[in-house]
Amino acid sequence: MNVLLNHTRIKGLCRKHIQHTLRLFSNVSRLKILFFGTDNFSLPSLKIIHKNLIDNGRVQTLEVVTSFKAAKNPVKQYSRSEGIPMHDWALFPKDINNTFDLGVVVSFGHLIPESLINSFNRGMLNVHASLLPKLRGAAPIVHAIANGDETTGISIMRIKPRQFDVGEILSQSIVHIERDTLMPQLHDRLAQIGASCLIGCIEDLETYYSKLIIQDDSQATYAPKIDQKFAEIRWAEAGAVRIYDLYRSLYGLRPVCTSFVGELVKIFKMSYDRGQSKTVREFVPGHMEYSKRTKQLLVRCCDGELLEILQLSVGGKKILTGQDFYNGFLSKVNPSERYFK
């Protein structure tokens with residue numbers, strides 16, 4: 001058994017040695033990479049580039065630029081634990097004089113200066129979580145779910161100066177969005193797929209560069225940063241599906257919000273049982289109904305459909321169940337006033 005294991009290890013080592021030797025004698029040069037990233041979406045891409053370096057792949061050297069301010073920066077933590085050289089973006093020079101061949105940007109959040117882009121003789125790549133030119137901007141995953149999109153994807157693009165997400169496309173991968181997918185689930189899936197697409201482009205950069213696709217600006221849509229107003233529920237304007245999609249898009253990022261008798265209400269968990277709402281002739285959008293038998297807190301949307309509210313808070317206080325909310329708040333007001341605004 002040990003002989004077989006040793007033989008397997010030797011074969012693996014020999015294969016890596018042969019690949020490394022062939023690369024040295026081919027016209028394909030290895031790459032000195034500078035990675036820019038800050039968060040959990042960045043991390044899988046950093047890890048796969050680092051693995052390529054360890055395995056003597058296309059990557060020759062790797063260094064990281066990130067923010068040193070963020071206390072829970074996973075890119076910083078991983079780089080430190082693995083001994084990858086790091087630089088603080090706040091202090092990083094904006095012209096590095098061809099020290100690196102290729103720049104890689106994944107969920108970095110800062111516009112890279114033209115002088116720095118021009119410092120890379122093989123350019124800069126970006127992993128973007130949409131099928132560009134659709135959903136250019138800072139929050140493509142959130143907007144894809146909030147829009148009710150059935151598909152999204154990953155784009156590997158070449159960065160251009162002065163604008164976000166407008167460069168030529170090297171590679172794209174389509175991802176289906178299931179109806180009840182929550183934002184963190186799609187985020188993590190896209191991060192892994194993005195890492196896989198990225199390393200494929202790095203390993204065969206010359207081929208991908210020879211087949212670049214220019215984005216059609218006329219087809220562009222946008223996914224700007226999320227603010228508090230985005231999270232507000234408009235009961236009189238939005239049906240159940242749209243409100244549920246908004247909730248799914250922000251889950252784990254921030255709660256959707258509304259108000260009740262002048263108090264801010266944050267909704268942390270809701271569910272939507274499609275097609276199960278009873279038809280009513282007259283109703284006020286946002287009106288709440290509580291079933292003592294099933295202990296369900298239900299709210300009526302403008303299309304007459306019902307959403308179940310499972311967890312919420314009132315006035316910034318502790319998180320309540322639907323039953324807690326009924327006992328502490330809803331039961332104490334007149335039935336005609338039992339609605340969210």
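What you see is a predicted model; the values in this text were computed from it and never measured. Only heavy atoms go into these numbers, but all of them, side chains included; no hydrogens, no water, no symmetry mates.
Of the charged side-chain nitrogens involved, none lies within less than 4.0 Å of a carboxylate oxygen, so that D88 and K69 do not count as a salt-bridged pair. Ionic pairing of D204 and K211 is not present here: no N-O contact between side-chain nitrogen and carboxylate oxygen is shorter than 4.0 angstrom. Between R158 and E168, at least one side-chain nitrogen of the basic residue sits less than 4.0 Å from a carboxylate oxygen of the acidic one, meeting the salt-bridge criterion. Under 4.0 Å is where a charged nitrogen must lie from a carboxylate oxygen, and between D217 and R136 at least one such pair does. Taking a cutoff of 4.0 Å between a charged side-chain nitrogen and a carboxylate oxygen, E232 and R254 do not qualify as a salt bridge. Residues K72 and D39 are not paired through a salt bridge, judged by the lack of any N-O separation under 4.0 Å between the basic side chain and the carboxylate. In this structure, E305 does not pair ionically with R242, as no charged nitrogen and carboxylate oxygen lie closer than 4.0 Å.
Taking a 6.0 Å sphere around CD of Q228, one finds it holds more than 12 heavy atoms contributed by other residues, nucleotides or ligands. No more than 12 heavy atoms of other residues, nucleotides or ligands lie within 6.0 Å of CZ in R80, so this atom counts as exposed by the packing criterion. The local environment of OH in Y326 is crowded, with over 12 non-hydrogen atoms from other residues, nucleotides or ligands closer than 6.0 Å.
Using modelled atom types, one side-chain atom of Y209 and one backbone atom of R122 make a donor-acceptor pair closer than 3.5 Å. A donor-acceptor pair under 3.5 Å links the side-chain atoms of N52 to the main chain of R58, judged by distance alone. Judged purely by atom type and a 3.5 angstrom limit, R234 has no side-chain atom pairing as donor or acceptor with the backbone of I243. Under the 3.5 Å distance criterion, the side-chain polar atoms of S79 are matched with a main-chain donor or acceptor of V75. Of the possible donor and acceptor atoms, one in the side chain of S115 sits under 3.5 Å from a partner among the backbone N and O of K94. Formation of a donor-acceptor pair under 3.5 Å by the D101 side chain with backbone atoms of N121 is not found in this model.
Between atom NZ of residue K76 and atom CG of residue L46 there is a gap of 14.5 Å, rounded to the nearest 0.5 Å.
Closest heavy-atom contact between M183 and I145: CA-CD1, 3.6 Å. For the residue pair P133 and D216, the shortest heavy atom distance occurs at CG-O, 3.3 Å.
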### Task
Take F340 and I233, measure what side chain to side chain contact (heavy atoms under 4.5 Å, CB included) needs, and give me the verdict at the end.
CA-CA 9 Å; F340 289 136; I233 298 175; over 6 Å; no
### Task
Quick one: do E150 and H176 satisfy side-chain hydrogen bond (donor to acceptor under 3.5 Å, both in side chains)? Show the steps, please.
CA-CA 6 Å; E150 295 182 356; H176 184 68; 5.6 Å; no
### Task
Give the intermediate values and the outcome of side-chain hydrogen bond (donor to acceptor under 3.5 Å, both in side chains) for residues Q172 and S155.
CA-CA 4 Å; Q172 290 188 319; S155 298; 2.8 Å; yes
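For K266, there are no salt bridge (charged side-chain N to carboxylate O under 4.0 Å, His left out) partners, not counting sequence neighbours.
Cation-pi geometry between K341 and F260 is not met at under 6.0 angstrom from the ring centre and within 45 degrees of the axis.
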